[in-house]
Amino acid sequence: MEKLEVIGSKKLKGNIKISGSKNASLPILAATLISTKKIKIQNLPIVKDIQTMIFLLRSLGSNIKLSKNNNSIEIDNSKNIKTYASYSLVKTMRAGILVLGPLLARFGKAKVSLPGGCAIGARPVDVHLKALSKLGVKYKIINGYIYANAPNGLMGNIIKFSKISVGATENLIIAATLANGKTILKNCAIEPEIKDLINFLRKMGCRINWIGKRTIRIIGNRDLKKINYQVMFDRIEAGTYMIASALTAGNLRITNIVPKVINTEINILKKIGIKIKIKSNEIIVIGSKKVKCTKIKTSPYPGFPTDLQAQLMVLLCKANGRSEITENIFENRFMHVAELNRMGAKIKVSGNKAIIEGNINFNSAELMATDLRASVSLILASLSTKGKSIINRIYHLDRGYERIEKKLQKVGANIKRNSK
Ligand code: UD1
C-alpha cells in the first residue's frame, strides 16, 4: 500500500499553483446530465473523486473525452443515458448522490444508491429527499437504493431547507432548472462552489437568480446551449498551503486564486500573526515563529470551513497558549486528534469542542490517515518536525489533493511517495 515519507523542518519557499476545485467540479459534472448539448469543462483537478464521478457518468452512458493531461473534458450526454447509479460507485464518494437531481429533472425517474456511511459522521440525505419531494418526486428506499420518480414531471415550488446543506442545495438547484414553472429555494448554502455551479448552469441557459442572501429563484427552461466552462480554484487546497507556509516559517506565493473568496481564512491567519500580502490573483504567506492562540468555530460559508479545521488545528498546536475549535458541521470530525496526540500534541476533545494546548514541538511518527482532511493535517504536522514521519492509507489524500507531494517538493519539502 502506498505511503508518504516526510522529513520535516524545512522552510517552504516558492510558488504553488492551486488546482481547480474538487467540490465545484463534482456538482458541475453531475449537472451535465441535464443537457443534450456538448459541454467542455476545464481546470478539473486530477484527483480520485473526479475520476470516480467520471466513472459514474460513464456508467450512466455519458460519452466523455478526457484531454491528454486529464484536466479538461468534453461530455456528450445526448443519448442512451441510464437512470441507475450503482452502489459500487456511490459508496466510495458521497457526492455520487448529486446525480439524483439531474436524472429526475431530465427523465422523471432514477434509481440511485444511498451513499455509504462516512468516517466523519452519519451524513444522511434526508434534506435532499424532502426537498425533492416538494418538486413532485415520490420515492421509496429499498435495499439501500433510492427509487424515485416524478409521475407528472418536476413541478416548481417554494422550498425552505430545514438545514443548510451544500449537497442538498446543489441537487435542488440542478433539479429545478428543468422543472415546470418557478422554484424558490430558501435557506440555501452559499458556498463559492454553489455560485460556480450556478454560473455554469446560467452559461448553459438556465434561468437562476439570487433574490436574497440565502434565497434562489429558478425558472424552468429546457432550451440549453453548448458551452465551455472553466471551474473555479480549490479554496481548501489554497488554505492548506497557506497553513503549510505558516507552519514552516515559510514564504509561499499561492497563485491561481481569487483572494476575496477566502477572506475569512486570510483574516483568521492574519489575526494569529501570519503575514499575508494580497495581490489580484495570488497571495504571499509568510510564516512566523510567533503564532497567537485563538477560538474558532466552523460554520457554513462565509464562516470558517470545516474542511480546513484539521489543518488549522495543527497550526494552533504551535500557538503561544491554549486555543479552542468548535466543530459545528460534522459530529465526528476530530479523528486526526488521536494521531496528532501521538505526535506530541496536547488536544482534548469534549463533544464538538477541541481544546488545543500551544507551544508544542511535534515528534515524528508512523501515522494512519483516516479521512481526506485529517490526512493532510498529518502531513502538515510532519512538515514541521525534524525526524522522518510515515503516513499510511494515503488513498484518502488522493481523493482530494492533486499531486500533493510534487507540489510540496517543488517548494523545498522533503516528501516522497513510497509504493512498496
Ligand atoms: C460538502 C462538501 C464537503 C464539506 C461539506 C460542508 C462536497 C463534495 N463536499 O459536503 O467537503 O465538508 O459540504 O461544507 O462539496 N446533512 C443532513 N441531511 C442531509 C444533508 C446533510 O443531516 O440530507 C448534514 C450533514 O450530515 C452535515 C451537514 O448537514 O452534518 C452539512 O452537510 P452538507 O453541507 O450537506 O455537506 P456535503 O454536501 O455532504
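Ligands are counted one by one from 1 in listed order, and the atoms in each one are counted from 1 as well. Residue numbers run from 1 in the order of the sequence given. This one's a predicted model, so the numbers in the text were calculated from it and none came from an experiment.
Of all atoms in ligand 1, listed by their number and element, those nearer than 4.0 Å to a heavy atom of V125 are 19 (C), 23 (O). With ligand atoms numbered from 1 in the order given, ligand 1 contributes 20 (C), 21 (C), 39 (O) to contacts under 4.0 Å with heavy atoms of R94. Taking every heavy atom of G167 and a limit of under 4.0 angstrom, the matching atoms of ligand 1 come to 35 (O), 38 (O).
Contact annotation: P124 has at least one heavy atom less than 4.0 Å from an atom of ligand 1. Ligand 1 lies out of reach of E193, whose nearest heavy atom is not under 4.0 Å from it. Close to ligand 1: R333, with a non-hydrogen atom less than 4.0 angstrom away.
Between K48 and D398, none of the side-chain N atoms (NZ, or NE/NH1/NH2) sits under 4.0 Å from a carboxylate O, so this pair counts as no salt bridge. Under a 4.0 Å N-O distance rule, the pair R417/E2 qualifies as a salt bridge. Contact check on E327 versus K353 returns no salt bridge, with no Lys/Arg side-chain nitrogen under 4.0 Å from an Asp/Glu carboxylate oxygen. Ion pair R207/D223 not flagged as a salt bridge, since none of the NZ, NE, NH1 or NH2 atoms sits closer than 4.0 Å to an Asp/Glu carboxylate oxygen. Salt-bridge check for R333 with D307: passed, with a basic side-chain N closer than 4.0 Å to an acidic carboxylate O. The existence of a salt bridge linking K297 and E324 is excluded, since no basic side-chain nitrogen approaches an acidic carboxylate oxygen closer than 4.0 Å.
At least one N/O-N/O distance between V127 and ligand 1 falls below 3.5 Å. Note: no N/O pair closer than 3.5 Å links I164 and ligand 1 by distance alone. For a threshold of 3.5 Å applied to N or O pairs, the pair formed by S165 and ligand 1 contains at least one separation below that value. In terms of N/O distances under 3.5 Å, ligand 1 is approached by D307. Considering backbone and side-chain N/O of E191, none are found under 3.5 Å from N/O of ligand 1. Backbone and side-chain nitrogen or oxygen atoms of I329 are examined, and one is located within less than 3.5 angstrom of a nitrogen or oxygen of ligand 1. Not one N or O of R373 is nearer than 3.5 Å to an N or O of ligand 1, by distance alone. Considering backbone and side-chain N/O atoms, K22 never comes within less than 3.5 Å of an N/O atom of ligand 1. Polar contact check, T306 against ligand 1: no nitrogen or oxygen pair lies under 3.5 Å apart.
The main-chain N or O of N418 is never found under 3.5 Å from a side-chain atom of E5 such that the two would form a donor-acceptor pair.
Of all the heavy atoms of K163, the ones lying under 4.0 Å from any atom of ligand 1 belong exclusively to the side chain.
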Worksheet entry | Residues E357, K348; criterion salt bridge (Lys or Arg N to Asp or Glu O under 4.0 Å); working and verdict | CA-CA 9 Å; E357 302 297 339; K348 277 200 190 118; over 6 Å; no
Discussion item. Working note: K22 + E402, criterion salt bridge (Lys or Arg N to Asp or Glu O under 4.0 Å); need CA distance, chi angles, decisive distance, verdict.
Written reply: CA-CA 10 Å; K22 165 180 91 68; E402 180 176 314; over 6 Å; no
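Aromatic ring orientation, Y84 versus Y145: tilted (interplanar angle from 30° to 60°).
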